[in-house]
Colleague: 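Quick one: this structure, given as structure tokens, is what I'll be asking you about.
Model, not experiment: these values are computed from the prediction.
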Amino acid sequence: MSLQADTAPVFAEQQQADAPTWPDGAADRSVRLSLLAAGISLPMVVEPCADGLDPVQWASARREAIEALLCRHGAVLFRGFDLPSVAAFEAFAEALSPGLHGTYGDLPKKEGGRNVYRSTPYPEREMILYHNESSHLESWPRKQWFFCEKPSQVGGATPLADIRQVLAYLPKEVVERFESKGLLYSRTFTAGVEPSWESFFGTSERSVIEQRCREQGTDFEWLDGDTLQLRTRCPAVISHPFTGERCFFNQVQLHHPYCMGEELREDLLDMFGPERLPRLVSYGDGSAIEDSVMALIGDAYEACAVRFDWRKGDVVMLDNMLVAHARDPYEEPRLIVVAMGEMTARGDVWQPA
């Protein structure tokens, strides 16, 4: 197990001064709570005390208490529960949050389930950087689950970062700039470059795409030829809808050229130019987010990051509006199944200035 939180703000240690307890104060002798290490605020680990516990029945009965635990810690690791299959995991997630999201277009559906997905198809030897799921779109899941069907023997951790801590780590002037300006995400679909806008939207009818963009609050422009550019105003900082805490909620690392690496960055700029990169994020007024600021953000995520080794059958439940996640490189087979629930509309938590 690798933990990285020794340089994070004292928030975590203050929050966890006492031994782990259920927020509602009710004793639950069927499971035990623990922390990965002293001073580490997430994930809270929940393990059965004995064999024979029915995961779905237990989750249904303890749903409110688990919700409170999630709001306190941002992430809960269910370890040692009897979840032998994808279907068993889906039933467990459904018991925790009825009505799982089943129409997510960015991930392939997972065989053996109905409303669950395979993890992001991305090169194994590259890291997927920190992000909050779908925070660049018109709606996102507040809750997200990761189920370990098969852990890799080399690498493949899912780093977690409490975005309340990340916000506290960043310089005040940087936070104020993000908070006042927000973000502008740009997506450019260039003819001959995959994915095409037809495959992304599932239609070749421009009028259908235009109407969908209007409904989602996304600006669009047909450039020369068959090139479509989308621009969406989104928050960089939000207040959590339940706890009221301010959080650094976004996908800047996944969209900013600084995070691509110098060689890839130069290649893409040569191919498309700065105005037509396939993905781009700037401040909400269209001005560039400085590389120096992106370096600070990268330092903040890693200072607050917690890593642990996956075990077969583990389930991590995240509050996507309190915790960002990433994926470390790996070398051997790794199977992680994803579920999402409690979709939240951007307009319910943020309005552009």
Side-chain angles (χ1 to χ4, degrees), residues 1-4 36 42-43 75 77-79 83-86 89-90 93 104-113 116-136 141 144-161 187 193-196 199-200 250-268 271 277-281 294 297-299 301-302 304-318 320 323-340:
M1 178 176 68
S2 174
L3 301 174
Q4 294 181 343
L36 290 173
L42 81 163
L77 168 58
F78 299 96
R79 172 162 282 174
L83 299 170
S85 66
V86 172
F89 157 64
E90 184 171 3
Y104 191 63
D106 280 351
L107 294 177
K109 280 291 186 74
K110 172 67 178 179
E111 62 279 359
V116 293
Y117 306 86
R118 284 181 265 161
S119 57
T120 303
Y122 196 76
E124 297 174 2
R125 294 182 181 273
E126 296 183 26
M127 182 177 184
I128 300 176
L129 297 174
Y130 294 92
H131 61 284
N132 301 98
E133 196 71 43
S134 297
S135 52
H136 63 306
Q144 189 169 22
W145 294 262
F146 299 98
F147 169 63
C148 183
E149 189 177 14
K150 179 181 178 62
S152 173
Q153 297 302 305
V154 181
T158 299
L160 306 176
R187 182 86 183 258
V193 178
E194 292 297 330
S196 65
S199 63
F200 181 80
N250 54 72
Q251 288 201 3
V252 291
Q253 281 203 324
L254 294 190
H255 290 76
H256 198 284
Y258 174 83
C259 299
M260 296 177 183
E262 186 174 352
E263 184 175 350
L264 177 58
R265 178 181 187 174
E266 291 180 357
D267 288 345
L268 289 175
M271 290 174 62
L277 290 172
R279 291 177 181 263
L280 182 66
V281 64
M294 293 305 301
I297 290 171
D299 291 344
Y301 277 127
E302 281 300 334
C304 300
V306 175
R307 288 171 165 86
F308 60 92
D309 295 328
W310 280 112
R311 299 179 189 174
K312 180 178 173 60
D314 279 353
V315 174
V316 169
M317 180 181 184
L318 301 184
N320 182 47
V323 172
H325 67 278
R327 192 212 69 192
D328 280 345
Y330 62 97
E331 298 180 11
E332 297 188 9
R334 172 187 186 272
L335 295 175
I336 301 294
V337 186
V338 183
M340 288 166 279

Colleague: With distance as the sole test, does Asn320 use its side chain to make a donor-acceptor pair with the main-chain N or O of Pro141 at under 3.5 Å?
Modeller: yes
Colleague: Indicate yes or no for a side-chain donor-acceptor contact from Asn132 to the backbone of Asn250 under 3.5 Å, with no hydrogens or angles considered.
Modeller: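 Indeed, once roles are kept as given, a pair shorter than 3.5 Å links the two residues.
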Colleague: Please report the shortest heavy-atom distance between Val86 and Gly113, naming the atom on each side.
Modeller: CG1-N, 4.1 Å
Colleague: Less than 4.5 Å apart, any side-chain heavy atom of Glu124 and any of Glu331?
Modeller: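 Answer no - side chains too far apart.
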Colleague: Go through Gln144 and His325 one step at a time and tell me if the side chain to side chain contact (heavy atoms under 4.5 Å, CB included) criterion holds.
Modeller: CA-CA 10 Å; Gln144 189 169 22; His325 67 278; 3.4 Å; yes
Colleague: Tell me the closest heavy-atom pair linking Pro43 and Val306, and the distance in Å.
Modeller: CD-CG1, 4.3 Å
Colleague: Roughly how far, to the nearest 0.5 Å, is CD1 of Ile297 from CG of Leu129?
Modeller: 11.5 Å
Colleague: Mind running side chain to side chain contact (heavy atoms under 4.5 Å, CB included) on Leu160 and Thr158 for me, showing each step along the way?
Modeller: CA-CA 6 Å; Leu160 306 176; Thr158 299; 4.2 Å; yes
Colleague: Kindly indicate whether the side chain of Arg118, heavy atoms from C-beta on, has any atom under 4.5 Å from the side chain of Glu111.
Modeller: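 The answer is yes; the side chains approach within 4.5 Å.
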Colleague: Would you mind reporting whether Leu277 and Pro257 have side-chain heavy atoms less than 4.5 Å apart?
Modeller: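 Contact flag for Pro257/Leu277 side chains = yes.
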Colleague: Let me see the working for Val116 and Trp145 under side chain to side chain contact (heavy atoms under 4.5 Å, CB included), right down to the final yes or no.
Modeller: CA-CA 9 Å; Val116 293; Trp145 294 262; over 6 Å; no
Colleague: At what distance, to the nearest 0.5 angstrom, does SG of Cys259 lie from CG of Leu264?
Modeller: 11.5 Å
Colleague: Assess whether atom CD of Glu263 is packed by more than 12 heavy atoms of other residues, nucleotides or ligands within 6.0 Å.
Modeller: no
Colleague: Begin with the C-alpha distance, continue with both residues' side-chain angles, and end with the deciding distance and a verdict on side chain to side chain contact (heavy atoms under 4.5 Å, CB included) for Lys110 and Glu90.
Modeller: CA-CA 11 Å; Lys110 172 67 178 179; Glu90 184 171 3; over 6 Å; no
Colleague: Strictly distance-based, threshold 3.5 Å: is any side-chain N or O of Arg327 a donor or acceptor partner for the main-chain N or O of Glu126?
Modeller: yes
Colleague: To the nearest 0.5 Å, what is the distance between CG (Leu83) and SG (Cys148)?
Modeller: 11.5 Å
Colleague: Measure across Val337 and Phe89 and return the closest heavy-atom pair with its distance rounded to 0.1 Å.
Modeller: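 Closest heavy-atom pair between Val337 and Phe89: CG1-CE2, 3.9 Å.
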Colleague: Can you sort out the partners of Arg311 under salt bridge (charged side-chain N to carboxylate O under 4.0 Å, His left out), two or more places apart, ordered by chain and number?
Modeller: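 With neighbours one apart ignored, the set is empty.
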Colleague: Name the orientation class of the two ring planes belonging to Tyr130 and Tyr301 (parallel below 30°, tilted from 30 to 60°, perpendicular beyond 60°).
Modeller: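 Tyr130 and Tyr301: parallel rings.
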Colleague: Taking atom CE of Met260 and atom NE2 of His255, what is their separation to the nearest 0.5 Å?
Modeller: 9.5 Å
Colleague: Mind checking salt bridge (charged side-chain N to carboxylate O under 4.0 Å, His left out) for Arg279 and listing every partner two or more places apart, or none if nothing turns up?
Modeller: none
Colleague: For Arg307 and Ala157, indicate whether the former's side chain and the latter's backbone hold a donor-acceptor pair under 3.5 Å.
Modeller: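 Checked: no pair found.
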Colleague: Roughly how far, to the nearest 0.5 Å, is the OH atom of Tyr117 from the CZ atom of Phe146?
Modeller: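 One finds 13.0 Å between CZ of Phe146 and OH of Tyr117.
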Colleague: Looking at CH2 of Trp310 and CZ of Arg79, how far apart are the two atoms once the value is rounded to the nearest 0.5 Å?
Modeller: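 These two atoms lie 8.5 Å from each other.
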Colleague: Does Lys150 pair with Glu332 as a salt bridge, N-O distance under 4.0 Å?
Modeller: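 Answer for the salt bridge query: no.
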Colleague: Work out which heavy atom in Asp328 is nearest to a heavy atom in Pro159; give both atom names and the distance.
Modeller: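 Residues Asp328 and Pro159, closest heavy atoms: OD1-CG, 3.5 Å.
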